[in-house]
J.: 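Would you mind keeping the following structure in view while I ask a few things?
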Amino acid sequence: MNPVYRMADWEVRKGGRAVLREINLELQARELVVVMGANGSGKSTLLRSLAGLEKGAKGEVRLGKQAMGELGRRQMAQQVALVEATLDLPFALTAEEIALMGRAPHALRWRETEEDRRKAEAALAAMDCAEFAKRDFRTLSSGEKQRVIVASALAQEPCVLLLDEPAAFLDLAHQQDLFARLRQLADSGLLVVAVTHDWNLAALWATRIVLMKQGGVLAQGTAQELGQAGLLEQVFGLPLRVEAGPVPFVRPWRFGEREDGQADAI
């Protein structure tokens with residue numbers, strides 16, 4: 001199978017500093033890839049690079065057989081949907097209108113069709129947003145806004161879905177529901193790449209986890225392959241306890257719990 005994406009020796013520099021360095025990744029259709037790392041490790045810049053929004057200082061990113069720079073913005077938008085972490089949309093638009101914005105890459109002369117409306121409605125229903133489709137987006141809770149934004153991306157009908165911390169504003173039930181839906185999308189043929197800080201959420205649903213540190217890829221593999229306390233402590237910078245099982249769950253040590261003389265997590 002040909003990779004959907006190939007990043008070769010990719011480097012992004014900002015202010016004279018390498019924000020990403022020597023990134024070599026191949027990403028396939030039918031994968032749910034979760035990118036993890038401490039703040040400032042380059043996760044969001046990696047995602048924006050896949051979306052064609054970052055200029056590389058070195059290396060290249062290819063989508064299918066084409067270099068990213070060869071793709072026009074409309075052509076790119078018909079294939080790749082990006083959901084960034086911000087939820088600030090100050091305009092007086094309904095949730096339904098936000099979802100319809102996802103159809104823009106397919107619209108003719110910027111006029112939505114009945115098919116566009118059906119697909120936007122289906123995307124809202126898929127994200128459990130149908131009940132507030134007519135509400136002003138600004139009046140929704142943070143979690144409801146996040147689900148509407150993801151619905152807009154689904155309405156875009158991409159072959160690649162990129163999400164920056166999509167579960168950040170969701171309650172526990174909707175976190176699990178979202179990642180279950182992302183896994184279903186991957187199983188149906190999409191490439192889904194999501195950033196999260198929640199190891200346990202990633203371990204439950206990801207087909208592959210990419211661990212980043214200081215702008216580079218430290219390790220990648222399944223949760224079972226990466227679920228080692230020493231490796232994860234390097235990534236997150238605090239003592240961790242891995243609880244073995246079919247899925248390796250992780251939690252910080254409680255104060256006074258450790259017996260090896262090392263400092264406890266707070």
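Reckoned from all heavy atoms, side chains included, excluding hydrogens, waters and symmetry mates.
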J.: Between R30 and D187 (side chain of the first, backbone of the second, donor and acceptor by atom type, cut-off under 3.5 Å), is there such a pair?
T.: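 Side chain of R30 to backbone of D187, a donor-acceptor pair under 3.5 Å: yes, one is there.
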J.: Please answer: with hydrophobic residues joined when any side-chain heavy atoms are less than 4.5 Å apart, are L46 and L163 in the same cluster?
T.: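 No; tracing contacts between hydrophobic side chains, which count when under 4.5 Å, never links both residues.
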J.: Between N24 and A8, what is the shortest heavy-atom contact and its length?
T.: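 Between these two residues, the closest heavy atoms are OD1-CA, 3.4 Å.
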J.: Please check: side-chain N/O of S142 versus main-chain N/O of F169, any donor-acceptor pairing under 3.5 Å?
T.: no
J.: Where the side chain of E233 meets the backbone of G230, is there a donor-acceptor pair that is under 3.5 Å apart?
T.: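 No; zero donor-acceptor contacts below 3.5 Å.
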J.: Is there a path from I98 to L82 through hydrophobic residues (I, L, V, M, F, W, Y) whose side chains come within less than 4.5 Å of each other?
T.: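 Different clusters: I98 never reaches L82 through Ile, Leu, Val, Met, Phe, Trp or Tyr contacts under 4.5 Å.
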J.: Just by distance, with hydrogens left out, do W205 and Q176 show a side-chain donor and acceptor under 3.5 Å apart?
T.: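 The criterion, which ignores hydrogens and geometry beyond distance, is satisfied for Q176 and W205.
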J.: Of all the heavy-atom pairs spanning P248 and A203, show the shortest one and how long it is.
T.: O-CB, 4.1 Å
J.: Starting from the C-alpha separation in whole Å, work towards a yes-or-no answer on side-chain hydrogen bond (donor to acceptor under 3.5 Å, both in side chains) for D136 and T139.
T.: CA-CA 6 Å; D136 187 324; T139 69; 5.3 Å; no
J.: I'd like to know if the side chain of K43 reaches the main chain of G37, judged simply by a donor and an acceptor atom lying under 3.5 Å from each other, with no hydrogens or angles considered.
T.: yes
J.: Report yes if the side chains of V160 and L190 come closer than 4.5 Å at any heavy-atom pair, otherwise no.
T.: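 No; the side chains remain at least 4.5 Å from each other.
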J.: To the nearest 0.5 Å, how far apart are CZ in F249 and CG in L201?
T.: 10.0 Å
J.: Give the minimum heavy-atom separation between G56 and V12, together with the two atoms involved.
T.: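 Closest pair (atom of G56, atom of V12, distance): CA-CG2, 4.5 Å.
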J.: Donor-acceptor pair, Q156 side chain versus A77 backbone, under 3.5 Å?
T.: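 Side chain of Q156 to backbone of A77, a donor-acceptor pair under 3.5 Å: yes, one is there.
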J.: Rounded to the nearest 0.5 Å, how far apart are CD of E157 and CG of L154?
T.: 10.0 Å
J.: Is Q66 reaching over with its side chain to a backbone N or O of L63, donor-acceptor style, under 3.5 angstrom?
T.: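 No; zero donor-acceptor contacts below 3.5 Å.
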J.: State the CG-CD distance between L140 and Q146, to the nearest 0.5 angstrom.
T.: 12.0 Å
J.: Return yes if some donor-acceptor pair links the side-chain N/O of N200 with the main-chain N/O of V250 below 3.5 Å, else return no.
T.: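 Yes; judged by distance alone, with no hydrogens or angles, the pair exists.
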J.: If the threshold is 4.0 Å, N to carboxylate O, is there a salt bridge linking D128 and R147?
T.: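 The answer is yes: the pair qualifies as a salt bridge.
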J.: Is the shortest side-chain N to carboxylate O distance from E70 to R62 below 4.0 Å?
T.: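 Looking at E70 and R62, the cut-off is not met.
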J.: Do NZ/NE/NH1/NH2 and the carboxylate oxygens of E84 and R48 come within less than 4.0 Å?
T.: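 R48 and E84: salt-bridged.
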J.: Is V210 linked to Y5 within one hydrophobic cluster, defined over Ile, Leu, Val, Met, Phe, Trp and Tyr using a side-chain heavy-atom separation of less than 4.5 Å?
T.: yes
J.: Side-chain contact, heavy-atom cut-off 4.5 Å: T207 with T222?
T.: no
J.: Treating Ile, Leu, Val, Met, Phe, Trp and Tyr as nodes and any side-chain heavy-atom pair under 4.5 angstrom as an edge, say whether L185 and V148 lie in one connected cluster.
T.: yes
J.: Which atom pair, heavy atoms only, marks the closest approach of P252 to L238?
T.: CB-CD1, 4.1 Å
J.: Which value, rounded to the nearest 0.5 Å, describes the distance between R103 atom CZ and L100 atom CG?
T.: 9.0 Å
J.: Can you tell me how far apart CD (E11) and CD (E54) are? Round to the nearest 0.5 Å.
T.: 13.0 Å
J.: State, yes or no, whether a side-chain contact exists between L161 and L191 at a heavy-atom distance under 4.5 Å.
T.: no
J.: Check whether any side-chain N or O of R74 sits under 3.5 Å from a backbone N or O of P105 as a donor-acceptor pair, and report yes or no.
T.: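 Checked: pair present.
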J.: Of all residues at least two apart in sequence or in a different chain, which pass the salt bridge (charged side-chain N to carboxylate O under 4.0 Å, His left out) check with E31?
T.: R208
J.: Kindly indicate whether the side chain of S41, heavy atoms from C-beta on, has any atom under 4.5 Å from the side chain of K213.
T.: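 Of all side-chain heavy-atom pairs linking K213 with S41, none is under 4.5 Å.
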J.: Under 4.5 Å between any side-chain heavy atoms of Q79 and Q75, yes or no?
T.: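 Yes, their side chains come closer than 4.5 Å.
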J.: For P158 versus A153, what's the shortest heavy-atom pair and its separation?
T.: CD-O, 3.4 Å
J.: Is it true that K119 and E115 make a salt bridge, defined as a side-chain N closer than 4.0 Å to a carboxylate O?
T.: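 Salt bridge flag = yes for E115 with K119.
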J.: Between E144 and S141, is there a donor-acceptor pair closer than 3.5 Å when you use the side chain of the first and the backbone of the second?
T.: yes
J.: Only one of V35, L27, V80 forms a side chain to side chain contact (heavy atoms under 4.5 Å, CB included) with L50, so which one is it?
T.: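 Running side chain to side chain contact (heavy atoms under 4.5 Å, CB included) over V35, L27, V80 with L50 returns exactly one hit, L27.
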J.: Before you tell me yes or no, could you show the steps for W199 and L226 under side chain to side chain contact (heavy atoms under 4.5 Å, CB included), namely the whole-Å CA-CA distance, both residues' side-chain angles and the distance that decides it to 0.1 Å?
T.: CA-CA 10 Å; W199 165 269; L226 302 182; 4.0 Å; yes
J.: Is there side-chain contact between I209 and M36, with at least one heavy-atom pair below 4.5 Å?
T.: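 Result yes, sub-4.5 Å side-chain heavy-atom pair found.
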J.: Might you work through the salt bridge (charged side-chain N to carboxylate O under 4.0 Å, His left out) test for K58 and E22, ending with a clear yes or no?
T.: CA-CA 9 Å; K58 178 183 174 185; E22 297 180 6; 5.2 Å; no
J.: Minimum heavy-atom separation for A167 to L178, with atom names?
T.: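 Minimum heavy-atom separation between A167 and L178: N-CD2, 4.2 Å.
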J.: Please check: side-chain N/O of Q224 versus main-chain N/O of P246, any donor-acceptor pairing under 3.5 Å?
T.: yes
J.: Side-chain heavy atoms under 4.5 angstrom apart, residues restricted to Ile, Leu, Val, Met, Phe, Trp, Tyr: same cluster for V34 and M7?
T.: no
J.: Going by distance alone, is a donor N or O of one side chain under 3.5 Å from an acceptor N or O of the other, for D171 and H174?
T.: yes
J.: State, with a plain yes or no, whether a side-chain heavy atom of R135 is found less than 4.5 Å away from one of T94.
T.: no
J.: Heavy-atom distance under 4.5 Å between the side chains of M127 and V150, does that happen here?
T.: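 Yes, their side chains come closer than 4.5 Å.
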J.: With rounding to the nearest 0.5 angstrom, report the CE to CZ distance, M68 to R6.
T.: 12.5 Å
